[in-house]
Amino acid sequence: ARIARDLATAMLFEVDEAIRVMPGSTAARKLLVEKSQTYLRELSQRSQQDPGLRLDLARSYRGLGDIQGRTDSASLGDSEGALASYARAAALLEELVQTAGPRDRSRYELSILYQRQGSLLGALLQAPQQPRPPHTPAPSAPASEPASPVRMSGRKGSTLLHEAGA
């Protein structure tokens, strides 16, 4: 199991770091994200009884979110995907923190994650709205399709909703 975790870490962090600055690497980074999501989902199913694996998974989901939409480095610009990955990491870390000691690594990782979530949400709130041509009504969601919220974890017991596209 340790070899699989090390391989996942290498693929997600080291390979992305090596290719992110290469011109034309967007397609390769998207493929890395897709393959990593599949692998992390499968690994998550085996992590229930292993706190170390759950911590590694949370860090990997955070890294995946960074690749997808981190605001202060080269990312794919997929804010919605990043928020979903950050939420998966938060769910894992919030469970670990429940039984963690005061100096446990999961507390530190959760603080980093909350900072990344906050930065991304702040950037989304500050992003300029696309200007509409004159005499064009504001877009609205059809009555049958309400705006889809993205769950963001925050303080215990609270949920921050962000409408997609805001």
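A single hydrophobic cluster is seen to contain both Y114 and V97, as judged by linkage of ILVMFWY side chains at heavy-atom distances under 4.5 Å, directly or through other members. Under the 4.5 Å side-chain heavy-atom criterion for grouping Ile, Leu, Val, Met, Phe, Trp and Tyr, Y108 is not connected to L96 through any hydrophobic cluster.
In this structure a side-chain-to-backbone donor-acceptor pair under 3.5 Å is present from R107 to G101.
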field: side chain to side chain contact (heavy atoms under 4.5 Å, CB included) between L83 and L121, intermediate numbers included
entry: CA-CA 9 Å; L83 290 173; L121 284 173; 4.2 Å; yes
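Under 3.5 Å, the side chains of Q115 and S119 contain a donor-acceptor pair of N or O atoms. Checking S75 against Q68 by side-chain atom types alone, no donor-acceptor pair falls below 3.5 Å.
Put simply, CD1 on I19 and CE on M22 are 7.5 Å apart, with the number rounded to the nearest 0.5 Å. In this structure, CZ on F13 lies 5.0 Å from OG on S60, to the nearest 0.5 angstrom. Rounded to the nearest 0.5 Å, atoms OG1 (T71) and CD (Q126) are 10.0 Å apart. Here CD of Q37 is found 10.0 Å from CG of L32. Values are rounded to the nearest 0.5 Å.
Side-chain contact between T99 and D104 is absent, with no heavy atoms from C-beta onward closer than 4.5 Å. The shortest side-chain heavy-atom distance between Y86 and R70 falls under the 4.5 Å cut-off. The side-chain heavy atoms of E17 and V15, taken from C-beta on, include no pair separated by under 4.5 Å. Using a 4.5 Å heavy-atom cutoff, the side chains of L92 and L55 are not in contact.
For residues 21-31, the side chain to side chain donor-acceptor pair (under 3.5 Å) pairs, not counting sequence neighbours, are D16-R29.
Between S85 and the choices L64, D66, D78, the side chain to side chain contact (heavy atoms under 4.5 Å, CB included) rule is met once, by L64.
In terms of heavy atoms, L93 sits closest to S106 at CD2-O, 4.0 Å. Of all non-hydrogen atoms in A82 and G69, the two that sit nearest each other are CB-N, 3.6 Å. Residues R41 and Y61 approach most closely at N-OH, 3.7 Å, considering heavy atoms. Pairing each heavy atom of S44 with each of L57, the nearest pair is CA-CD1, 3.6 Å.
With sequence neighbours excluded, the residues forming a side-chain hydrogen bond (donor to acceptor under 3.5 Å, both in side chains) with E109 are R59, R62, R105, listed by chain and number. Here E95 pairs with R54 under the salt bridge (Lys or Arg N to Asp or Glu O under 4.0 Å) rule; sequence neighbours left out.
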